[in-house]
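Here the structure is a predicted model, which means the values were calculated and not measured.
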Amino acid sequence: MTLGQLGPTYDAELSAVVDWTLADKHLLPRAHLLVELAATFIHYLNERGYYRRRLALALAAADAAQALERRTIEGWLRSDAIPWTLLTHRPNPPEASRQLTRGLALAEELGNADMQAIGLAFLAWALARQGNMPAAERAIARALDIACTPAARLRVLWVAGDLAAAKGQLEIAIANYQLAEETDLATAHGHHTTVTAALRLSAAYARQRELGAARETLTALLADRQAPLSNPRLARIYFDLAQLSRIEGDYATARAYAQQAAAALQQADENLRFGQRIRVFLAELPRS
């Protein structure tokens, strides 16, 4: 059994452990426990949609790792886990930039190319979200120049795609997303290790009115039995399919997909804004 297959009782027990650790006043034992909890459960919390707890744990663990001089763990938390959450589910781009400044300093100190490439890509993302596109373009250019592993490279590529899409350069965005998707599939012998590139590629196709290509990208992701399709990710895929069906005028299929998205999202506890989007979508959908 994997962590993702564990049920509500385990979720409650894990939440209690995380909350107790965050509240513990015994600094040294707490610091060690925070670091170990982050290493073990940070991805699990993301898979289950517990973004508030994930961010609180990651921030506390990063400070604990700094106090314990565990630079690699601190570097990954501040270059990856924390800014990812602050740029997606708990939006705060200025704080993401602040965390990345420390994370990138550690990446340089450690000589860790993957950490540096991802940190620069996320810095570009944060700067773009704050309206500083020239600085964002400089950061992503530096990230693209770094020789790193495919797992890091695909993340740099989809951020490069995001920057191009933000400027309306959809063909360049699609090329970057396609390369990110190809890199991901090649890494795992034809299977997905992440859904991010595929979701962005599908969205870019939709903006280009290439609805068939957008749908094919999403259905291929659903068909991949080894893809990491947690309930929050399934909700996102189904909702994107619902929006495509609405554009095509197939309201019955759009409603069915949106209902599947809502059902999947009930498994998570903190996607309240996304859940509201789904409810508004269903309420506004014509009946036919």
Side-chain angles (χ1 to χ4, degrees), residues 35 38-39 42-47 51 54-55 57-59 61-62 65-66 70-130 132-133 135-166 173 176-188 192-201 228 233:
V35 170
I42 202 80
H43 293 295
Y44 175 79
L45 292 169
N46 190 56
E47 292 288 317
Y51 305 118
R54 181 183 198 264
L55 180 59
L57 176 58
L59 287 167
Q66 183 174 2
R70 298 184 67 173
R71 291 181 174 82
T72 300
I73 292 175
E74 183 195 353
W76 276 118
L77 288 168
R78 298 198 196 278
S79 297
D80 187 353
I82 293 171
W84 165 262
T85 311
L86 290 170
L87 292 168
T88 52
H89 302 294
R90 315 294 292 183
N92 189 338
E95 177 60 17
S97 296
R98 192 182 74 79
Q99 294 289 333
L100 285 159
T101 298
R102 169 68 177 167
L104 283 166
L106 287 167
E108 185 174 358
E109 175 187 326
L110 296 165
N112 190 315
D114 282 7
M115 190 187 296
Q116 187 174 22
I118 291 171
L120 282 168
F122 285 2
L123 179 61
W125 190 6
L127 290 167
R129 291 281 302 274
Q130 294 172 83
N132 192 346
M133 191 60 74
E137 290 175 340
R138 290 193 294 272
I140 199 64
R142 289 176 60 197
L144 287 165
D145 280 343
I146 294 173
C148 55
T149 64
R153 184 69 173 178
L154 72 89
R155 301 172 82 178
V156 174
L157 287 166
W158 59 249
V159 174
D162 284 359
L163 297 187
N176 278 299
Y177 295 145
Q178 285 175 331
L179 188 52
E181 175 81 338
E182 291 165 6
T183 301
D184 188 31
L185 294 172
T187 300
H192 293 84
T193 66
T194 178
V195 303
T196 304
L199 290 176
R200 280 163 160 74
L201 178 58
R233 290 169 182 162

Student: Does one side chain, of T183 or R153, offer a donor that lies under 3.5 Å from an acceptor on the other?
Tutor: no
Student: Would you mind reporting whether Y51 and N46 have side-chain heavy atoms less than 4.5 Å apart?
Tutor: yes
Student: For L100 versus P83, what's the shortest heavy-atom pair and its separation?
Tutor: CD2-CG, 3.7 Å
Student: May I ask you to test the L106-W76 pair for a side-chain heavy-atom distance under 4.5 Å?
Tutor: no
Student: So, for M115 and S79, which heavy atoms are closest and what is the spacing to 0.1 Å?
Tutor: CG-OG, 3.6 Å
Student: Residues two or more places apart in sequence or in another chain: which of them pass side-chain contact (heavy atoms from CB on, under 4.5 Å) with Q66?
Tutor: D63, E74, R78, R102
Student: Between the side chain of D184 and the main-chain N/O of H192, is any donor-acceptor distance below 3.5 Å?
Tutor: no
Student: How close do V35 and A61 get, heavy atom to heavy atom, and via which atoms?
Tutor: CG2-O, 4.0 Å
Student: Drop me the distance from T85's OG1 to D80's CG, to the nearest 0.5 angstrom.
Tutor: 8.5 Å
Student: Hey, could you give me the CD/CG distance between Q99 and L123, rounded to the nearest 0.5 Å?
Tutor: 12.5 Å
Student: By the salt bridge (charged side-chain N to carboxylate O under 4.0 Å, His left out) test, which pairs, at least two apart or in different chains, include something from residues 104-116?
Tutor: R71-E109
Student: Parallel, tilted or perpendicular: which fits the ring planes of W158 and F122, with parallel below 30° and perpendicular above 60°?
Tutor: tilted
Student: Examine distances only and state if a side-chain atom of R233 and a backbone atom of P228 form a donor-acceptor pair shorter than 3.5 Å.
Tutor: yes
Student: Roughly how far, to the nearest 0.5 Å, is CG of L86 from CD of E95?
Tutor: 6.0 Å
Student: Report yes if some heavy atom in the side chain of I82 is under 4.5 Å from a heavy atom in the side chain of L55; otherwise report no.
Tutor: yes
Student: Shortest non-hydrogen contact from A173 to G161?
Tutor: CB-O, 3.3 Å
Student: At their closest point, which heavy atom of L77 faces which heavy atom of A62, and how far apart are they?
Tutor: CD1-N, 3.6 Å
Student: Just do the side-chain contact (heavy atoms from CB on, under 4.5 Å) check on E137 and L127 with the steps written out, would you?
Tutor: CA-CA 9 Å; E137 290 175 340; L127 290 167; over 6 Å; no
Student: Using 0.5 Å steps for rounding, measure from the OG1 atom of T72 to the CG atom of N112.
Tutor: 7.0 Å
Student: Does the side chain of T88 reach to within under 4.5 Å of the side chain of W125, using non-hydrogen atoms?
Tutor: yes
Student: Give a yes or no on whether the backbone of L199 and the side-chain of Y177 come within a donor-acceptor separation of less than 3.5 Å.
Tutor: no
Student: Using a 4.5 Å cut-off on heavy atoms from C-beta on, say whether the side chain of V159 contacts that of R155.
Tutor: no
Student: Quick one: OG1 on T187 to CD on E182, what's the gap to the nearest 0.5 Å?
Tutor: 11.5 Å
Student: Measure from the side-chain N and O atoms of R54 to the backbone N and O of A81, and report whether any donor-acceptor pair falls under 3.5 Å.
Tutor: yes
Student: Rounded at 0.5 Å granularity, tell me how far CD in Q116 sits from CD1 in I146.
Tutor: 4.0 Å
Student: Tell me the closest heavy-atom pair linking A143 and V156, and the distance in Å.
Tutor: CB-CG1, 3.8 Å
